Amino acid sequence: MRILLVEDDELLAQGMITRLKRMGYQPELCTTGKQALLAAEDSGFGLMILDLGLPDGFALDIIRQLRHSGVTMPILVLTAQSQLETKLTALNSGADDYLVKPIDVLELEARIRVLCRRQQQRTDDKLQLAGISLNLQNHHCQFQQQDVSLTRREFMLLKEFMLKPDRILSRQQLEELSYGWDGDNESNAIEVHIHNLRKKLSADVIKTVRGVGYMLVTQYGI
Ligand code: CA
């Protein structure tokens, strides 16, 4: 699997490249945000490892732009201990996971494996988990092999949940999705759409995490 590594610290980058190769991956290095964005257009990468402290300061924009253009490749961000706030922003912008420097190679290996496993449950244009199948091209949805008809907003929410299964999505994160929703008559209230999704799928699929947000659970009813 090809991994796009975006890191401007040469020593750290070389160390990671050696390690990733030893793990059987094919890492390719970019040292600036601009380079990374160009390289990420190549859909052959299975994962991106992105340092948040880049010289041209583009890391968060890269994540947003990629997600905005529908790129679902997992993104693992690398942060310095002091960048707690940036780390949260990165996750809210669409990064899948983070590691704090100095990087522990065993932890890196484990995180990559988890992200790849999650990625393998996706095919190019279809997400499939928890009994739900969602086609990202034609928005066709099935739950336990039965067709489910979704509104545009329900589709967008469900897609977001399915891209991040078993992870809590904050209300703010979900509300940010709705920025582009003006101009039709559907409600903007996240609660309303969650309620409808539960009715159309199963009440157990989307769990409320009190005071924090919501989570799509892949192992429900057991
Ligand atoms: Ca850096």
Side-chain angles (χ1 to χ4, degrees), residues 1-122 160 163-170 172-177 179 212-213:
M1 184 180 80
R2 287 169 69 210
I3 292 183
L4 181 58
L5 174 62
V6 189
E7 172 59 74
D8 61 306
D9 180 327
E10 217 172 297
L11 205 61
L12 180 60
Q14 288 313 321
M16 287 181 71
I17 285 174
T18 307
R19 189 72 201 187
L20 289 168
K21 281 184 178 164
R22 227 176 275 160
M23 286 157 64
Y25 298 115
Q26 296 138 357
E28 287 170 40
L29 180 66
C30 289
T31 52
T32 68
K34 268 187 191 156
Q35 272 179 19
L37 206 50
L38 281 175
E41 285 173 8
D42 174 353
S43 60
F45 290 103
L47 177 90
M48 182 185 224
I49 301 177
L50 177 66
D51 175 30
L52 283 186
L54 292 172
D56 48 355
F58 275 141
L60 291 173
D61 289 339
I62 291 174
I63 302 173
R64 285 194 199 104
Q65 284 189 41
L66 290 178
R67 293 309 186 221
H68 187 73
S69 50
V71 173
T72 60
M73 154 174 79
I75 301 175
L76 174 64
V77 295
L78 308 178
T79 72
Q81 192 73 50
S82 56
Q83 293 172 312
L84 176 71
E85 211 171 300
T86 323
K87 181 173 79 187
L88 295 178
T89 314
L91 290 177
N92 282 334
S93 305
D96 295 87
D97 205 352
Y98 67 88
L99 274 178
V100 177
K101 292 179 182 179
I103 308 293
D104 177 289
V105 286
L106 290 177
E107 194 178 5
L108 172 70
E109 195 166 346
R111 298 290 177 96
I112 292 177
R113 230 181 301 120
V114 170
L115 288 175
C116 291
R117 206 181 309 137
R118 212 185 280 163
Q119 176 74 357
Q120 278 155 11
Q121 291 174 325
R122 313 171 189 170
E160 195 68 9
L163 288 173
K164 292 178 179 150
D166 297 313
R167 289 250 311 263
I168 300 170
L169 301 185
S170 68
Q172 187 204 345
Q173 216 169 331
L174 296 172
E175 278 167 355
E176 275 169 14
L177 276 180
Y179 286 164
V212 187

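This is a predicted model, so every value here is computed, not measured. Just so it is clear, the values below take in all heavy atoms, side chains as well, and ignore hydrogens, waters and symmetry mates. Counting starts at 1 for both ligands and their atoms, following the listed order.
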Asks: Considering just N/O/S atoms, say which atom of D8 is closest to the Ca ion (ligand 1).
Replies: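 Atom name returned: OD1.
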Asks: For R2 and D42: C-alpha separation, side-chain torsions, deciding distance, then whether salt bridge (charged side-chain N to carboxylate O under 4.0 Å, His left out) applies.
Replies: CA-CA 11 Å; R2 287 169 69 210; D42 174 353; 3.0 Å; yes
Asks: Any chance you could measure I3, atom CD1, to E28, atom CD, to the nearest 0.5 Å?
Replies: 10.5 Å
Asks: Within the stated cut-off of 3.0 Å, is an N/O/S atom of D9 closer than that to the Ca ion (ligand 1)?
Replies: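 Here the distance criterion (N, O or S atom, under 3.0 Å) is not met by D9, so no.
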Asks: Could you tell me the separation between the CD atom of E160 and the CG atom of L174, rounded to the nearest 0.5 Å?
Replies: 7.0 Å
Asks: Decide if atom OH of Y98 counts as having more than 12 heavy atoms of other residues, nucleotides or ligands within a radius under 6.0 Å.
Replies: no
Asks: Tell me which N, O or S atom of D51 sits nearest to the Ca ion (ligand 1).
Replies: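 Looking at D51, the N, O or S atom with the least distance to the Ca ion (ligand 1) is OD2.
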Asks: Is E7 close enough to the Ca ion (ligand 1) that one of its N, O or S atoms comes in under 3.0 Å?
Replies: no
Asks: Using a strict 4.0 Å threshold on nitrogen-to-oxygen distance, state whether D104 and R111 make a salt bridge.
Replies: no
Asks: Please determine if the Ca ion (ligand 1) has an N/O/S atom from G53 lying under 3.0 Å away.
Replies: yes
